Protein chains: 2
Amino acid sequence: MRRTKEDAAKTREEVLTAAAEIFYENGVSGSSLEKIAKRAGVTRGAIYWHFKDKAEVLTALHSEIRLPQEAIVDYAIEHGHDDPLGLIEQGAIEVLQILAEDEHQQRVFAIMILGCEFTEHLTDAAQRIVTANDEMFGKLQKLIEMAHERNTLGPLWTVDAAARGIQCSMNGLLAEWLRSGKSFPLVDVGERLIRGLVGSMRCGDSR
Amino acid sequence: MRRTKEDAAKTREEVLTAAAEIFYENGVSGSSLEKIAKRAGVTRGAIYWHFKDKAEVLTALHSEIRLPQEAIVDYAIEHGHDDPLGLIEQGAIEVLQILAEDEHQQRVFAIMILGCEFTEHLTDAAQRIVTANDEMFGKLQKLIEMAHERNTLGPLWTVDAAARGIQCSMNGLLAEWLRSGKSFPLVDVGERLIRGLVGSMRCGDSR
DNA sequence: ATACAAACATACATGAATGATTGTAAATAT
DNA sequence: ATATTTACAATCATTCATGTATGTTTGTAT
């Protein structure tokens with residue numbers, strides 16, 4: 001029964017893959033470790049060997065992927081700061097294109113925002129999303145602050161409102177897309193949405 | 001112990017209020033009927049008298065409030081169709097102002113979109129939200145179609161993309177606001193967001 | 001006044017999920 | 001070659017929520 005280290009790592013991965021599927025199908029609280037184990041072709045014992053409990057399985061899934069929020073801003077930072085608003089626009093579109101192709105990321109992301117319960121006293125899993133969102137907001141703020149300093153931010157917008165607006169629209173877009181079962185073209189809608197929004201933030205285009 | 005009809009209706013309301021609180025604090029699946037009963041000052045027996053099970057409590061909560069999506073479109077329909085885009089703008093802002101004042105609606109709405117799990121095979125509770133969203137999308141489509149026929153829809157947008165864009169942005173705005181613990185001014189951000197978006201949809205303002 | 005039904009409370013049975021414990025075969029270290 | 005640890009499987013006890021069944025009190029109709 002005892003396997004080599006590579007085998008162990010493989011079963012660990014298989015458990016995570018199975019967990020992503022089961023979580024996606026039944027929601028986190030609706031998924032028992034028994035179901036996950038059965039799907040992965042092991043027993044609960046194997047899961048308890050690799051992970052402390054269900055929460056740790058979720059955490060492991062989360063740490064596997066990068067949130068779109070993080071990716072958008074990283075793109076902007078990576079590509080210089082000549083035109084902050086343009087960078088946000090480009091970054092967002094890039095991220096959407098990548099995410100639209102990656103089914104595993106879609107599943108995990110769906111679990112994070114749809115199959116997980118955000119309550120008043122947050123679970124640590126939900127807390128990570130909140131934290132990532134906050135960080136992303138902070139970075140967005142800085143980028144838009146730069147646009148503001150260069151007088152390229154239209155009169156309709158404040159720095160904070162602009163950052164929130166982008167954050168809300170992007171998260172809402174992804175949430176709706178996943179919730180609707182990907183019933184509309186993500187990149188097409190997203191591109192128009194982000195162009196329209198950022199366009200309205202540019203000086204002279206405000207109204 | 002037996003109370004009059006008014007007393008019964010009162011306990012029913014108290015159960016629903018307690019349920020909203022408990023669901024909001026612990027999430028739907030994390031809430032037992034025992035907790036709800038204790039909070040309401042009754043026993044589980046009382047809950048089972050008024051409702052079939054936990055799902056029916058949730059359904060009762062849902063049917064109490066109107067989704068913002070529904071309210072926005074109804075506003076537009078109610079106020080004539082001279083300027084469809086303007087009506088959407090006004091309607092959205094109206095709805096935000098009302099929702100920002102009503103704590104109970106906020107709680108129930110938070111339960112619906114954050115404290116509930118959207119899975120692959122949806123629960124009937126989640127299904128209702130999806131359906132309501134779809135209906136709202138259809139109506140939004142019609143409104144924007146009218147704008148399109150009057151040639152007031154900018155070249156950046158298609159009818160479908162515009163409807164999706166508004167839907168995603170509004171839902172995302174509310175979700176972020178609630179998820180962040182109402183950490184930013186909803187009406188202020190929302191007003192700029194919807195003005196910016198709708199502004200970009202108007203002819204001549206597209207880019 | 002009596003009979004019945006409404007509006008609950010109380011008690012119990014059931015099942016599911018969890019966490020812990022124990023068993024064990026194979027890999028690895030010595 | 002032996003000891004030890006790894007990587008699980010199998011079993012078990014406990015908790016916890018649910019659903020149901022039954023009991024009890026009080027309105028209300030006749």
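Note that the structure is a prediction, hence the values are computed from the model and not measured. Numbered from 1 within each chain, the chains take letters A, B, ... in sequence-line order.
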Return a single string for nucleotides 14-19 of chain C, one symbol per nucleotide in 5' to 3' order, where B is base contact, S is sugar-phosphate-only contact and - is none, cutoff 4.0 angstrom on heavy atoms. ---SBB
In whole Å, I'd like the distance from the [atom1] atom of [X] to the [atom2] atom of [N].
X	N	atom1	atom2	value
B:Lys5	C:dA5	NZ	P	14 Å
B:Ile47	C:dT10	CD1	P	14 Å
A:Glu6	C:dT28	CD	C1'	13 Å
B:Lys38	C:dA9	NZ	C1'	14 Å
A:Asp7	D:dT6	CG	C1'	12 Å
B:Arg12	C:dC8	CZ	P	12 Å

Sorted by first residue and then second, give each ring-ring contact (aromatic ring centres under 6.0 Å, His included) pair with at least one member in residues 42-78 of chain A; sequence neighbours left out.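 Of all non-adjacent pairs touching residues 42-78 of chain A, those that pass ring-ring contact (aromatic ring centres under 6.0 Å, His included) are A:Tyr75-A:His79.
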Does the side chain of B:Ser29 come under 3.5 Å of the side chain of B:Glu117 through a donor N or O and an acceptor N or O?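 Note: B:Ser29 and B:Glu117 side chains miss the donor-acceptor criterion.
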For B:Trp177 and B:Ser183, which I'm curious about, is there any donor-acceptor pair between the side chains at under 3.5 Å?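 Absent: no donor and acceptor within the cut-off.
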More than 12 heavy atoms of other residues, nucleotides or ligands under 6.0 Å from NZ of A:Lys182: is that the case?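 Buried by this count: over 12 neighbours within 6.0 Å.
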Does [N] have its OP1 or OP2 closer than 4.0 Å to a side-chain nitrogen or oxygen of [X]?
X	N	result
A:His50	D:dA7	no
B:Trp49	C:dA7	yes
A:Thr4	C:dA26	no

Sidechain-backbone polar pair: A:Gln106 side chain, A:Leu178 backbone, donor-acceptor under 3.5 Å: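 Flag not set: sc A:Gln106 to bb A:Leu178 has no pair under 3.5 Å.
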How about A:Phe109 and A:Leu174: do any of their side-chain heavy atoms sit closer than 4.5 Å?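 Result yes, sub-4.5 Å side-chain heavy-atom pair found.
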